[in-house]
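Please read the structure below before turning to the comments.
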Amino acid sequence: MHPIPDQTGRTVVVTGTTSGLGLALSTALARAGARVLMTARDVTRGRAAVRGAGGELVLLDLADLGSVRAAAAEIRERTGDRVDVLVNNAGVAMGPRADTADGFELQIGTNHLGPAALTWLLMPALRAAGDPERPSRVVTTSSLGHRTGRLDPDDLGWRRRRWSPNAAYGASKLANLLFAAELDRRLRLSGDPVLSVAAHPGMTESSLLANSFRRGATLQARLFAPWERWLTSPVSEGVGPQLAAATGPVHGGDYLGPTGLGEARGPAGPARRSAAAQDPVLAGRLWQVTAAATGITPDPGRRLGA
């Protein structure tokens, strides 16, 4: 596991913490001295997770913008409006076609729209906790799957295009990188003491497939499941890039992942973005569409005339 500097006195919010990468990340940060607010959709599983990790539970369903607003308000109140690190870790993949509580396609809603809304709503707390010598951070979790992603900002819900679970997942992970890049650009312009970085875990054994099976897995998920343990690295290794992004020496705009063959596994280091993930016009358009879809004012944004 990636070595972690002392986190005493720092407050970290991690989403999706009942198992897999989120639980491992929360446990490591809490053991390093951080106060960790761990989000979960299910209160029973959430309570079990925080008991094991040493964190604090916040109920949050990223597929419900009402829940996102309530959780953000609770976090700001409980932390005194000071958050040092937000790790947008939670995600869904390979499930059947479904919509969020607000009518968005489930993967783009859970993996991008919900985390973007949470980030904007928590930005005042991130801004307050950061300073030029030690900026606060937003860590956005993407995936190798972003490389196959194709994003149409005018059809995030896949109403006009043919939907497939892999295509929708790739698009949502591409959206993660585009959002992280646009957030970094705007933070640089605003001068706020907050860094936007991204990370991916490579091919890591995680809870995504297990969650998919609970919702009724697609054929792709069922075909991959028997091979997962042979093709993936353990969570203790896969969490390294997220830990490095959350606690290590980074610059705004960095993207970290495993440095082994194909970025599938290995020590954390710089990761490669697809050409689409480096498109500033697409990133700006996604930012605007996300604000319209969520009904939340982007931050930073207002002071920049956006």
Side-chain angles (χ1 to χ4, degrees), residues 11-17 22 25 36-39 58 60-79 81-91 100 102 104 108-130 135-142 146 156 172-190 192-200 242 245-246 250 252-255 277 283-284 286-304 306:
T11 298
V12 184
V13 176
V14 183
T15 67
T17 61
L25 181 63
V36 185
L37 278 67
M38 302 168 57
T39 81
V58 177
L60 167 64
D61 184 353
L62 289 166
D64 182 342
L65 290 174
S67 175
V68 174
R69 289 180 181 274
E74 180 181 347
I75 290 168
R76 291 182 62 179
E77 181 178 0
R78 284 168 57 177
T79 63
D81 228 7
R82 297 182 69 86
V83 172
D84 295 282
V85 183
L86 167 62
V87 183
N88 287 313
N89 164 78
T100 69
D102 304 283
F104 304 115
I108 197 72
T110 304
N111 298 350
H112 167 62
L113 295 174
L118 182 66
T119 299
W120 288 338
L121 291 168
L122 290 182
M123 192 56 66
L126 288 156
R127 185 182 297 113
S136 54
R137 304 182 187 192
V138 177
V139 179
T140 301
T141 304
S142 186
H146 91 271
L156 291 182
S172 72
K173 293 289 103 179
L174 172 58
N176 289 150
L177 281 181
L178 290 166
F179 178 81
E182 183 66 9
L183 179 60
D184 171 63
R185 185 185 75 83
R186 290 171 180 260
L187 286 168
R188 290 173 187 267
L189 288 173
S190 69
D192 289 326
V194 184
L195 301 179
S196 171
V197 297
H200 79 84
Q242 288 172 300
V250 295
D254 283 355
Y255 179 38
L286 177 65
W287 184 274
Q288 296 171 343
V289 170
T290 300
T294 61
I296 294 172
T297 301
D299 187 354
R302 184 176 300 165
R303 288 172 297 156
L304 305 178

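The model shown is predicted, which means the values in this text are computed figures rather than measured ones.
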- Minimum heavy-atom distance between Val194 and Pro135, given as atom pair plus value: N-CB, 4.1 Å
- Query: For the residue pair Arg188 and Gly253, what are the closest heavy atoms and their distance?
  - Reply: NH2-N, 4.4 Å
- Query: Does Asp102 have any salt bridge (charged side-chain N to carboxylate O under 4.0 Å, His left out) partners at least two apart in sequence or in another chain, and if so, which?
  - Reply: none
- Message: Can you classify the ring geometry of Phe179 versus Trp287 as parallel (below 30°), tilted (30 to 60°) or perpendicular (above 60°)?
- Response: parallel
- Do any N or O atoms from the side chain of Arg82 and from the backbone of Ala128 form a donor-acceptor pair under 3.5 angstrom? yes
- Does the Asn111 side chain pair with the main chain of Asn176, one donor and one acceptor, at a distance under 3.5 Å? no
- How long is the gap from CG on Leu177 to NE2 on His112, to the nearest 0.5 Å? 11.5 Å
- Query: Has the side chain of Thr17 got a donor or acceptor atom that lies under 3.5 Å from a matching backbone atom of Thr39?
  - Reply: yes
- Message: Between Arg76 and Ala125 (side chain of the first, backbone of the second, donor and acceptor by atom type, cut-off under 3.5 Å), is there such a pair?
- Response: no
- Any side-chain heavy atom of Val138 sitting closer than 4.5 Å to one from Asn88? yes
- Task: For residues Pro300 and Leu189, determine if any side-chain heavy atom of one lies less than 4.5 Å from a side-chain heavy atom of the other.
- Result: no
- Item | Minimum side-chain heavy-atom gap Leu118-Leu60 below 4.5 Å | yes
